[in-house]
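A quick write-up on the structure given underneath.
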Amino acid sequence: MFFFTRYPSSSLLKAYFPDVQFNRCITSQMIKWFSNFREFYYIQMEKFARQAISDGVTNPKMLVILRDSELFRALNMHYNKGNDFEVPDCFLEIASLTLQEFFKAVSSGKDADPSWKKPIYKIISKLDSDIPEIFKSSSYPQELFRN
């Protein structure tokens, strides 16, 4: 689900997890999990942006995440350990944009400001994609493992 949305609302989570008995505590925990997922994502983006700067990259458009890149492997291993899901192309595009935004911010010295990441978060939060309806199916995980 993280490959499609990094900022799910509680109503979206409830729609895609119909077998969960939601209450305040469970909803809060699921929102916290996504917060942790985002934290890992943004830590990796900052790390790779700083590495690109150290490597002498000067043009952020050169930072494109492909399926064979080290950053993609790190993210895929974290969010898709069993490699059970085909990562959608939209995630690669958003991840590339995120990396480029981190690169621009760090290379221009904006990271000196304690709240330098907030503008990046605002950009990325608007790029969530529609989640395929098949994810709502209670038999989806079983179908996935049968194929």
- request: Indicate, with yes or no, if the rings of Y79 and F85 have centres closer together than 6.0 Å.
  value: no
task: Can you establish whether the number of heavy atoms outside D130 located under 6.0 Å from its atom CG is more than 12?
output: no
OG on S35 to CD on Q29, rounded to 0.5 Å: 10.5 Å
task: Would you indicate whether the side-chain heavy atoms of L75 and F91 approach each other to under 4.5 Å?
output: yes
Side-chain (Q100) to main-chain (L63) donor-acceptor, under 3.5 angstrom: yes
query: Under 4.5 Å between any side-chain heavy atoms of K117 and E46, yes or no?
result: yes
message: Distance to the ring centre below 6.0 angstrom and angle to the axis at most 45 degrees; does that hold for R38 and Y7?
response: yes
query: Would a 4.5 Å heavy-atom cut-off, applied to side chains only, mark M1 and L13 as touching?
result: yes
message: For residues F4 and W33: do they belong to one hydrophobic cluster (side chain heavy atoms under 4.5 Å, members Ile, Leu, Val, Met, Phe, Trp, Tyr)?
response: yes
- request: Output yes when a side-chain donor or acceptor of S9 lies under 3.5 Å from a complementary backbone atom of L12, and no otherwise.
  value: yes
query: If only atom types and distance count, is the side chain of Y42 paired as donor or acceptor with the main-chain N or O of F102 below 3.5 Å?
result: no
- request: Determine whether F3 and N80 make a side-chain contact, defined as any pair of heavy atoms from C-beta on separated by less than 4.5 Å.
  value: yes
task: Search all heavy atoms of S129 against all heavy atoms of I94 and return the closest pair with its distance.
output: OG-CD1, 4.2 Å
message: Any salt bridge linking D111 with R50? Criterion: basic side-chain nitrogen under 4.0 Å from a carboxylate oxygen.
response: yes
message: Ignoring hydrogens, what is the shortest heavy-atom contact between A105 and I120? Give both atom names and the distance.
response: CB-CD1, 4.1 Å
Closest heavy-atom pair and its distance - K81, H78: NZ-O, 4.0 Å
message: With clusters defined by side-chain heavy atoms of hydrophobic residues (ILVMFWY) lying less than 4.5 Å apart, directly or transitively, does I123 cluster with F103?
response: yes
Heavy-atom pair of closest approach, residues I53 and V106: CD1-CG1, 3.4 Å
message: I'd like to know if I31 and Y16 are part of one continuous hydrophobic network [Ile/Leu/Val/Met/Phe/Trp/Tyr, side-chain heavy atoms within less than 4.5 Å].
response: yes
task: Verify, without hydrogens or angle tests, whether T5 (side chain) and F2 (backbone) share a donor-acceptor contact under 3.5 angstrom.
output: no
message: Could you check whether R67 pairs with E86 (Lys NZ or Arg NE/NH1/NH2 to Asp/Glu carboxylate O, under 4.0 Å)?
response: yes
field: L99 side, atom CG; K104 side, atom NZ - distance, nearest 0.5 Å
entry: 11.0 Å
- prompt: If you look at every heavy atom in L66 and F72, which pair is closest and at what distance?
  reply: O-CB, 3.2 Å
query: Below 4.0 angstrom, N of the basic side chain to O of the carboxylate: do E70 and R73 qualify?
result: no
query: Of the non-hydrogen atoms in L127 and R6, which two are nearest, and what is the gap between them?
result: O-NH2, 3.7 Å
query: Between the main-chain N or O of T27 and the side-chain N or O of N23, is there a donor-acceptor pair closer than 3.5 Å?
result: no
- prompt: What's the spacing between I65 CD1 and L92 CG if we round to 0.5 Å?
  reply: 7.5 Å
message: Do F40 and F34 land in one hydrophobic cluster if side-chain heavy atoms of ILVMFWY residues count as linked below 4.5 Å?
response: yes
message: Taking K61's backbone N and O only, do any of them form a donor-acceptor pair with N59's side chain (distance below 3.5 Å, no angle check)?
response: yes
